[in-house]
Amino acid sequence: MHAKTTPLASALSGQHIVMVMIFVMAIVWVFKVTAQETSAAGKNNAVSDAFKHHGEYINPNGDGYPTAVKVEYVMGCLAANGMDLGNLAKCSCSIDYIAAQLSFEKYTQADTVLRAQLDQGTKGAVFRESGWAKDMVNELQAIQSASSLECF
């Protein structure tokens, strides 16, 4: 007798299923840690207390980084380093290290400048050639390098 497969399972390869499982595990881990930290801090309603900007979930540990931003970073890190549980812990450590060193506002500014530098046209040239932009990106890259030494 053949095992029945669902349309979703038959459409996904084994690698895609592993990636989805790691993504779900990352989300569950973030919420579990957040719930534990909030419970330890004595807060009654973690979710309602943590919603700040336009419904983005802000971690109650005070770093100001929305959960979605942390998950996006971890997913990019996993894509670059390999989708496995060991790298999940390392990538999570990396964004936590960055959050401890750089305010969310500065992180967002530097990340935006870094992305703008990728524009090969004249708009990107402003961000590639100006001193303030180089300084901002260099600071972020130095912290990212330090996080790699600390976490990997």
Side-chain angles (χ1 to χ4, degrees), residues 8 12-41 43 45-152:
L8 178 62
L12 296 175
S13 70
Q15 184 179 10
H16 288 111
I17 291 172
V18 170
M19 288 172 55
V20 169
M21 288 174 57
I22 289 174
F23 178 74
V24 169
M25 289 169 54
I27 298 292
V28 168
W29 178 80
V30 167
F31 281 108
K32 180 179 176 185
V33 168
T34 301
Q36 289 172 347
E37 289 172 351
T38 304
S39 176
K43 292 189 178 185
N45 192 343
V47 175
S48 66
D49 288 345
F51 274 90
K52 302 287 185 209
H53 309 295
H54 307 291
E56 288 188 350
Y57 188 76
I58 306 294
N59 292 319
N61 63 5
D63 65 20
Y65 281 61
T67 301
V69 171
K70 285 189 166 190
V71 170
E72 179 185 4
Y73 181 92
V74 169
M75 293 305 296
C77 178
L78 286 171
N81 294 296
M83 296 278 189
D84 63 49
L85 292 177
N87 284 333
L88 176 61
K90 292 173 184 176
C91 293
S92 298
C93 170
S94 180
I95 189 61
D96 288 341
Y97 182 91
I98 292 167
Q101 303 297 316
L102 198 62
S103 71
F104 178 64
E105 181 179 358
K106 281 186 154 187
Y107 172 82
T108 303
Q109 292 169 351
D111 186 57
T112 302
V113 169
L114 187 59
R115 292 173 195 253
Q117 288 178 340
L118 298 175
D119 183 341
Q120 296 300 315
T122 56
K123 292 177 185 175
V126 172
F127 296 101
R128 285 190 301 277
E129 297 170 5
S130 60
W132 63 268
K134 288 178 184 178
D135 292 344
M136 194 178 288
V137 169
N138 288 341
E139 180 182 16
L140 174 60
Q141 290 175 334
I143 292 171
Q144 286 175 327
S145 294
S147 78
S148 292
L149 292 174
E150 182 74 24
C151 299
F152 282 85

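What you see below is based on every heavy atom in this structure, not just the backbone, and it leaves out hydrogens, waters and symmetry mates. Computed from a predicted model, the values in this text were never measured in an experiment.
Heavy-atom minimum distance, Thr112 versus Thr108: OG1-O, 2.7 Å. Gly82 and Asn87 make their closest contact through O-ND2, 3.0 Å (heavy atoms, listed as atom of the first residue, atom of the second, distance). Nearest heavy atoms, Arg128 versus Gln120: NH2-O, 3.7 Å. Smallest separation of non-hydrogen atoms from Cys91 and Tyr73: O-CE2, 4.0 Å. Closest non-hydrogen pair, Asp63 versus Ala99, comes out as OD2-CB, 3.6 Å.
Under the 2.5 Å SG-SG cutoff, Cys151 and Cys93 qualify as a close cysteine pair.
With values rounded to the nearest 0.5 angstrom, Ile143 atom CD1 is found 8.0 Å from Lys106 atom NZ. Separation of atoms CD (Glu150) and OG (Ser145) is listed at 13.0 Å; rounding is to 0.5 Å.
Counting only heavy atoms from C-beta outward, the side chains of Lys70 and Asp96 approach each other to under 4.5 Å. Between Val113 and Gln117 the shortest side-chain heavy-atom distance falls below 4.5 Å. Taking the side chain as every heavy atom from C-beta outward, Phe152 and Ser147 never approach each other to under 4.5 Å. Looking only at side-chain heavy atoms (C-beta outward), Met75 and Leu78 come within less than 4.5 Å of each other. Side-chain contact between Met136 and Phe127: absent, with no pair of heavy atoms (C-beta onward) separated by less than 4.5 Å. Side chains of Asn81 and Lys90 form no contact here, defined as non-hydrogen atoms less than 4.5 Å apart.
Looking at residues two or more places apart in sequence or on another chain, you find a ring-ring contact (aromatic ring centres under 6.0 Å, His included) between Tyr107 and Tyr65.
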Give the intermediate values and the outcome of side-chain contact (heavy atoms from CB on, under 4.5 Å) for residues Leu140 and Gln144.
CA-CA 6 Å; Leu140 174 60; Gln144 286 175 327; 4.0 Å; yes
Show the numbers, then the answer: is there a side-chain contact (heavy atoms from CB on, under 4.5 Å) between Asn138 and Gln141?
CA-CA 5 Å; Asn138 288 341; Gln141 290 175 334; 3.9 Å; yes
